[in-house]
Protein chains: 4
Amino acid sequence: MFIKIDLQSEIPIYTQLQNRIIEGIVSGDLKAGEPLPSVRTMASDLGVNMHTVNKAYNFLKQDGFIQIHRQKGVVINPDGMPEVTSEYLGKFKQEIRPIIAEALCRGMKEEDFSTFCQEVFNNLQEKRG
Amino acid sequence: MFIKIDLQSEIPIYTQLQNRIIEGIVSGDLKAGEPLPSVRTMASDLGVNMHTVNKAYNFLKQDGFIQIHRQKGVVINPDGMPEVTSEYLGKFKQEIRPIIAEALCRGMKEEDFSTFCQEVFNNLQEKRG
Amino acid sequence: MFIKIDLQSEIPIYTQLQNRIIEGIVSGDLKAGEPLPSVRTMASDLGVNMHTVNKAYNFLKQDGFIQIHRQKGVVINPDGMPEVTSEYLGKFKQEIRPIIAEALCRGMKEEDFSTFCQEVFNNLQEKRG
Amino acid sequence: MFIKIDLQSEIPIYTQLQNRIIEGIVSGDLKAGEPLPSVRTMASDLGVNMHTVNKAYNFLKQDGFIQIHRQKGVVINPDGMPEVTSEYLGKFKQEIRPIIAEALCRGMKEEDFSTFCQEVFNNLQEKRG
DNA sequence: GTGGTCTAGACCACT
DNA sequence: GTGGTCTAGACCACG
């Protein structure tokens, strides 16, 4: 599991890290119950601040993607992933709305939108097969 | 055309304003060539600072959604909207990727994803008739 | 002599008008002693404000490109064009310096710079032949 | 690297600052990867407002001359300078055209034009040797 | 300590 | 009256 962070991106590093871990779970690289590097290790691997990794881990824990045990360390939630709650669905639509709006504004057809999303879907799951 | 901004949101006001204007174009509320309120008027309407509106307008101008005439004011680009360029497509996929990743992670089916997007599509275009 | 103004440009209209007139002189479209449309006529031709045309004419007069007579109207200076004074040369270098700096920074070779300038020279004088 | 701004000039301060920085890169005073003072430091050095410096930095970032790292600060683009794109070339010719037009109008010979440009070239690169 | 965002209020160029 | 520029001063997210 290689994690690559773009230090020049406008996206906060901790957000990038969260995304990479979620993508790792989706791709199958990270399986339920599997351990994640400690905050310290991850930070030194990525060359970022410990606080940054800590923040990412805490958000992921809060959403139920991982568990943090004082002794055992950090593991992908062995009880399974969080569900599609109505709360999440609200966030989902709020996030995707401006993206769809701009796409429509630029004349992207709904079919093309589906095609592009399909590509992303496949790309994320490609290692799963 | 009523524009509503959430001053408490963590999303920058100028970003919200950009999104609202793009949504206005998509819904048909704002038509090509139509004028937008001056920075000062819009600012006072929204209860925010002039510079915040200015920033939103300048980003929209940069992307080709609006034109800013030195003394005549601001209008929706009468020459039509920007296209789906390869550059835009890159941004599009980068933005939608983490959203799809989390959706997959939470077990959302691709069909459900399409359905939810469909809802957003319809919601954005509903006034178009 | 057709004059085309870009109302959406960031360059002030009066500056554009000055430039177009100077280009007209260079190309031979406007000859020494030849009359220019009155402020009123020019303004209505271009669809701009009288004050704007007035401003352009006054600057051109100040630099010695045109003469403004109360009765006879506006004419290209029949006594010839202003010279390359040391004052002008200072302005010239100040204006061209940042252009050359950016060109150098982007790796433009001095030969290429000359070639591009040559093109502009020819383009400006092409009607002269 | 001393940067001098003319607060009385009609050229916006942020534009002057952009030009000075580009000239610094050309002269070799500022090398790829080298850090630039923080917006606040630069602002206090120049005796101008933080936002003015910020605007200059953002334009330079947009054009690819510098990189802005969220918390690490500002550096000259270590990946090299932007190229001579066709878009840039358009801007270049548009900017240089009125300068050449006036020079021609005043009777400057093309050879003299070359000589004067040569001087500016040498002046900009003099520290490079 | 860094840049990002926002405010309040000012003057200027342009039309 | 419009946008463009600038100031002074504030709070926040990030690392």
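When reading the values below, keep in mind they use all heavy atoms of this one structure, side chains included, and skip hydrogens, waters and symmetry mates. So you know, we letter chains A, B, ... as the sequences are listed, proteins then strands, and number each from 1.
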(message) In the structure I gave you, are the side-chain heavy atoms of D:Asn58 and D:Ile68 within less than 4.5 Å of one another anywhere?
(response)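 Sidechains of D:Ile68 and D:Asn58: in contact.
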Options [options], nucleotide nearest the side-chain atoms of [X]:
X	options	result
D:His51	E:dG4, E:dT7, E:dA10	E:dT7
D:Asn49	F:dT7, F:dG3, E:dA8	F:dT7
B:Pro12	E:dC6, E:dT15, F:dG4	E:dC6

(message) side chain to side chain contact (heavy atoms under 4.5 Å, CB included) for A:Met42 and A:Tyr57? Distances and angles first, verdict last.
(response) CA-CA 10 Å; A:Met42 178 67 91; A:Tyr57 279 6; 3.5 Å; yes
Rounded distance in Å - [atom1] ([X]) to [atom2] ([N]):
X	N	atom1	atom2	result
D:Ile13	E:dA13	CD1	C1'	16 Å
A:Met42	F:dG15	CE	C1'	17 Å
D:Asn58	F:dC6	CG	P	14 Å
C:Ile5	E:dC14	CD1	P	14 Å
D:Gln8	F:dC6	CD	C1'	13 Å
B:Glu10	E:dG4	CD	C1'	14 Å
B:Leu46	E:dC6	CG	C1'	14 Å
D:Lys61	E:dT2	NZ	P	18 Å

(message) With a 3.5 Å limit on both atom pairs, tell me what E:dA10 is paired to, counting Watson-Crick and G-U wobble, or say none.
(response)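 Checking every strand shown, E:dA10 finds its partner in F:dT5, with both distances under 3.5 Å.
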(message) Please compare B:Gly47 and C:Thr15 by the position of their nearest nucleotide in DNA chain E and report the one closer to 5'.
(response)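 Going by which nucleotide is closer to the 5' end, it is B:Gly47.
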(message) With nearest nucleotide decided by heavy atoms, which residue, D:His69 or B:Leu7, maps closer to the 5′ end of DNA chain E?
(response)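 Taking each residue's closest nucleotide, the earlier one in sequence belongs to D:His69.
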For [N], does either OP1 or OP2 sit under 4.0 Å from a side-chain N or O belonging to [X]?
X	N	answer
B:Asn54	F:dG4	yes
D:Ser38	E:dG1	no
B:Lys55	E:dC6	no
D:Tyr14	F:dC6	no
D:Thr52	F:dT5	no

(message) On a heavy-atom basis, which atom in A:Asn54 and which in A:Val39 lie closest, and how many Å separate them?
(response)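 Minimum heavy-atom separation between A:Asn54 and A:Val39: N-CG1, 4.0 Å.
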(request) Could you check whether D:Met50 gets within reach of a base, just the sugar-phosphate, or nothing at all, counting any heavy atom under 4.0 Å? (result)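 Touches a base.
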(request) For B:Val48, answer base if it contacts any base atom (sugar-phosphate contacts may also be present), sugar-phosphate if it contacts only those atoms, and nothing otherwise; contact means non-hydrogen atoms under 4.0 Å. (result)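 Counting heavy atoms under 4.0 Å across all strands, the contact made by B:Val48 is with sugar-phosphate only.
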(request) Without swapping roles, check the side chain of C:Asn77 against the backbone of C:Gly64 for a donor-acceptor pair under 3.5 Å. (result)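 It does hold such a pair.
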(request) Using a strict cut-off of less than 4.0 Å between a Lys/Arg side-chain nitrogen and an Asp/Glu carboxylate oxygen, indicate whether B:Glu102 and B:Arg106 qualify as a salt bridge. (result)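 Salt bridge: yes.
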